[in-house]
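Please read all numbers here as calculations on a predicted model, not as lab measurements. Numbers here simply count residues along the sequence, with the first being 1. For ligands, and for the atoms within them, numbers begin at 1 and follow the listed sequence.
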Amino acid sequence: MKIGIFDSGYGGLTVFDAIRKEMPQYDYIYLGDNARTPYGTRSFDVVYEFTLQCVTKLFDMGAQLVILACNTASAKALRNIQQKDLPRLGADKRVLGVIRPSVEAIGRFTRSRHIGIFGTQGTVDSGSYPIEISKLWNDIKVFQQACPMWVPIVENHEYDQPGADYFVKKYVDSLMAQSPDIDTVILACTHFPILLPKIRQYLPSNVTLLGQGEIVAESLKDYLTRHSEIESTLSQGHSVKFYTTENTEKFCSMARLFFSGPLEVQHISI
Ligand code: DGL
């Protein structure tokens, strides 16, 4: 059995890159729903429907465990899939998201207990980060900033151009205006690490900026250590297969930005 990685498109490759570096021994299948991306602007019901279809596909293709590398899917679909669909899809199957590991990590970094979240509109509107943080760290105050222009800036290769500075500064300033005591910020969207140099440039230097790749990879490693009933089912052939719902050439040209390893991509219909 394999580990499935799901994202609305390319962005989950930033998370997968870190997972594969941490645990290269397993067999992985990555599915990017590029034909229907972005998810960040879509309604709860649509994100749930699309994510469930992709998770089901990954299970059909031999995944035992699926990681929702997409924050929007983790925010809007994970709970429903875990509670409503998994019993039907297979009691021995697992689906994990990126929000819980990020929330666990953030409490260990912040001293001021004022933290910031940059996410898509969907992730911010879902309230998933504040809800999860309040369950685990009830002394932490959460300030959120939706950054709807950052995904298109990355997808249109404008991430290192001077035009990107306007929208990076705008959202950074808008977050910091909510509380000057914010000392830790999480990039709660798969695309945002690509903008990291510019985000760093506009954030006050005392603010710690957390990406999710390493956090999710370490959390998955820990999960597999604690769940030998899942780990023992995973094959260890060091293989990686990529599937996209879009055109494969289009996927490859863009995927390079997010992933450093070899890319063997096939088209798939959902
Ligand atoms: N993968 C999405 C996320 O992490 C960003 C791209 C999209 O909106 O589909 O929220």
Q: Heavy-atom distances under 4.0 Å decide this one: backbone, side chain, both or neither, for Thr37 against ligand 1?
A: side chain
Q: Nearest heavy atom to atom 7 (C) of ligand 1 wins, so pick from Phe192, Tyr39, Trp150.
A: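 Selected option, by shortest heavy-atom distance: Tyr39.
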Q: Within the structure, does Ser8 bring an N/O atom to less than 3.5 angstrom of an N/O atom in ligand 1?
A: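 Such a contact does occur with ligand 1.
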Q: Is the contact between Asp7 and ligand 1 made by the side chain, the backbone, both, or neither, using heavy atoms and a 4.0 Å cut-off?
A: side chain
Q: Please report which non-hydrogen protein atom sits nearest to atom 10 (O) of ligand 1, along with the residue it belongs to and the distance in Å to one decimal place.
A: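 Nearest neighbour among protein heavy atoms for atom 10 (O) of ligand 1, to 0.1 Å: Thr72 OG1, 2.6 Å.
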Q: Kindly confirm or rule out an N or O of Gly40 lying under 3.5 angstrom from an N or O of ligand 1.
A: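 In this structure, Gly40 places an N or O atom under 3.5 Å from an N or O of ligand 1.
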Q: Evaluate Asn71 for polar contact with ligand 1, using N/O atom pairs at a separation under 3.5 Å.
A: yes
Q: Measuring from atom 1 (N) of ligand 1, which candidate in Thr190, Thr14, Asn34, Leu68 has the nearest non-hydrogen atom?
A: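 It is Thr190 that holds the nearest heavy atom.
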Q: Please walk me through it: do Phe143 and His114 pass ring-ring contact (aromatic ring centres under 6.0 Å, His included)?
A: CA-CA 8 Å; Phe143 302 89; His114 282 215; 5.3 Å; yes
Q: Numbering the atoms of ligand 1 from 1, which are under 4.0 Å from a heavy atom of His191?
A: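 Reading through ligand 1 atom by atom, the close ones are 5 (C), 6 (C).
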Q: Are any of the heavy atoms in Cys189 under 4.0 Å away from ligand 1?
A: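 In this structure, Cys189 qualifies as a contact of ligand 1 - some heavy atom is under 4.0 Å.
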Q: Carefully, step by step, assess Phe251 and Tyr10 under the rule ring-ring contact (aromatic ring centres under 6.0 Å, His included).
A: CA-CA 8 Å; Phe251 182 89; Tyr10 314 103; 5.5 Å; yes
Q: Between Tyr30 and Tyr243, is the ring centre distance below 6.0 Å?
A: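 Between Tyr30 and Tyr243, the centre distance exceeds or equals 6.0 Å.
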Q: Which residues pass the side chain to side chain donor-acceptor pair (under 3.5 Å) test with Glu229, sequence neighbours left out?
A: His227
Q: Look at the rings of Phe242 and Phe259 and say which category their plane angle falls in: under 30° parallel, 30 to 60° tilted, over 60° perpendicular.
A: perpendicular
Q: Among Asn71, Thr14, Ile99, which residue meets the side-chain contact (heavy atoms from CB on, under 4.5 Å) test with Gln212?
A: Asn71
Q: Which protein non-hydrogen atom lies closest to atom 2 (C) of ligand 1, naming both residue and atom, and how far is it?
A: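 Scanning the protein heavy atoms, the shortest distance from atom 2 (C) of ligand 1 goes to Cys70 SG, 3.5 Å.
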Q: Do the non-hydrogen side-chain atoms of Asp7 and Leu13 ever get within less than 4.5 Å of each other?
A: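 They are not in contact (no side-chain heavy atoms under 4.5 Å apart), so the answer is no.
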Q: Kindly assign one of parallel, tilted or perpendicular to the pair Trp150 and Phe192, based on the angle between their ring planes and the thresholds 30° and 60°.
A: perpendicular
